[in-house]
Undergrad: 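Submitted below is the structure of interest, expressed as structure tokens.
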Amino acid sequence: MVSINLLKGQRYDEPLARKRAKLELFAGVCFMASVCVFWGWVAIDVTQATQRLEREMQDKQGRVALLQTTMQEVLALEERRQAMAAQEERVNALTSELDSPIRLLSIISRVVDPLDVWLLHLQAKDEKVTLSGVALSLQDVLKLAKNFEKGLGPVDVVGAGPHAQLPDLFQFSMNVWMNSPKHGGTNS
């Protein structure tokens with residue numbers, strides 16, 4: 001006799017179906033776990049990147065603050081430099097007239113050769129210096145005028161000729177303009 005069990009396929013399909021359900025559940029849990037782990041890593045990376053960017057931003061803000069203070073110091077120093085330059089200019093303007101007689105005497109001491117020329121009269125007023133004296137020769141008077149032109153400025157020889165009482169000497173008179181622009185002088 002042959003017996004046919006028609007329920008046999010159902011009995012074998014139930015454990016396979018349960019096994020399949022368990023595998024699908026396990027696969028779903030693994031997928032969800034991997035998704036959670038992936039998003040966890042993404043969250044950690046985003047958090048670290050955010051913290052790194054915040055540190056960089058704080059560092060850059062610190063550098064900007066340092067540059068701003070340095071720039072303010074530079075501007076303050078530039079203002080001080082300009083104030084000092086203006087003060088130096090005022091002092092130079094006030095003292096330029098004071099050093100003029102000293103400069104004049106210094107140049108005269110270098111230009112006048114005491115063996116050839118003797119100054120008898122010296123008068124300085126503003127930019128004009130009037131000199132008169134005696135020299136051994138007319139060449140010494142011309143040499144003196146050239147040396148004054150080199151040291152002070154333009155020279156006008158007003159008079160030069162033989163001395164009335166001492167015929168061996170020459171009497172002279174000249175005007176020297178100390179670096180006068182209207183007379184062609186230069187600033188030195």
Side-chain angles (χ1 to χ4, degrees), residues 49-188:
T50 303
Q51 290 173 349
R52 186 178 66 245
L53 288 174
E54 286 175 355
R55 283 192 304 267
E56 287 177 7
M57 191 151 110
Q58 288 173 351
D59 183 47
K60 288 181 181 181
Q61 286 174 344
R63 288 181 183 181
V64 166
L66 179 65
L67 286 174
Q68 286 176 340
T69 57
T70 304
M71 190 167 144
Q72 289 172 350
E73 290 173 0
V74 166
L75 290 174
L77 288 173
E78 179 64 23
E79 287 176 4
R80 283 184 58 202
R81 187 194 66 75
Q82 289 176 352
M84 289 175 70
Q87 185 177 10
E88 180 183 10
E89 196 173 300
R90 286 191 302 270
V91 167
N92 286 342
L94 291 174
T95 60
S96 67
E97 293 180 15
L98 297 176
D99 72 346
S100 185
I102 294 169
R103 186 170 152 253
L104 173 65
L105 292 175
S106 172
I107 291 173
I108 287 175
S109 69
R110 282 184 276 145
V111 169
V112 175
D113 183 5
L115 299 176
D116 299 329
V117 177
W118 300 277
L119 294 179
L120 301 175
H121 177 70
L122 169 77
Q123 180 182 1
K125 185 171 183 173
D126 296 328
E127 296 174 351
K128 181 181 177 183
V129 179
T130 304
L131 300 164
S132 62
V134 291
L136 290 175
S137 69
L138 191 55
Q139 294 296 342
D140 293 330
V141 174
L142 296 176
K143 180 180 170 186
L144 179 67
K146 285 182 184 178
N147 288 340
F148 273 130
E149 275 188 8
K150 290 178 188 173
L152 287 174
V155 176
D156 289 334
V157 177
V158 178
H163 194 278
Q165 298 162 346
L166 302 168
D168 292 342
L169 299 177
F170 285 85
Q171 189 172 357
F172 68 90
S173 178
M174 63 177 68
N175 294 323
V176 180
W177 281 272
M178 295 179 57
N179 297 328
S180 173
K182 68 181 179 180
H183 289 93
T186 58
N187 290 331
S188 51

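As a basis for the values below, the full set of heavy atoms in this structure was taken, side chains included, without hydrogen atoms, waters or symmetry mates.
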Undergrad: Would you call L136 and W118 a side-chain contact if the rule is heavy atoms closer than 4.5 Å?
TA: yes

Undergrad: What is the distance from atom CG of N175 to atom OG of S132, rounded to the nearest 0.5 Å?
TA: 10.0 Å

Undergrad: If we only count heavy atoms from C-beta on, is the Q87 to R90 side-chain gap below 4.5 Å?
TA: yes

Undergrad: In terms of heavy-atom contacts, does CD of E89 have more than 12 from other residues, nucleotides or ligands at under 6.0 Å?
TA: no

Undergrad: Taking atom CG of L120 and atom CD of Q171, what is their separation to the nearest 0.5 Å?
TA: 7.5 Å

Undergrad: Would you call R81-E78 a salt bridge at under 4.0 Å N-O?
TA: yes

Undergrad: For the pair D59 and R55, find out whether any cationic side-chain nitrogen is under 4.0 Å from an anionic carboxylate oxygen.
TA: no

Undergrad: Rounded to the nearest 0.5 Å, what separation is found between the CZ atom of R110 and the CZ atom of F148?
TA: 11.0 Å

Undergrad: Show the nearest heavy-atom pair for residues F170 and L138, with the distance to one decimal.
TA: CD1-N, 3.7 Å

Undergrad: Taking the side chain as everything from C-beta on, heavy atoms only, tell me whether R80 gets closer than 4.5 Å to L77.
TA: yes

Undergrad: Please report the interatomic distance CG(N147) to CG(L142), rounded to the nearest 0.5 Å.
TA: 11.0 Å

Undergrad: How close do F172 and V134 get, heavy atom to heavy atom, and via which atoms?
TA: CE2-N, 3.5 Å

Undergrad: If I take atom CG from residue D156 and atom CD from residue E149, how far apart are they, to the nearest 0.5 angstrom?
TA: 8.5 Å

Undergrad: Would a 4.5 Å heavy-atom cut-off, applied to side chains only, mark Q68 and V64 as touching?
TA: yes

Undergrad: For residues M174 and V157, report the shortest heavy-atom separation together with the two atoms involved.
TA: CB-CA, 4.0 Å

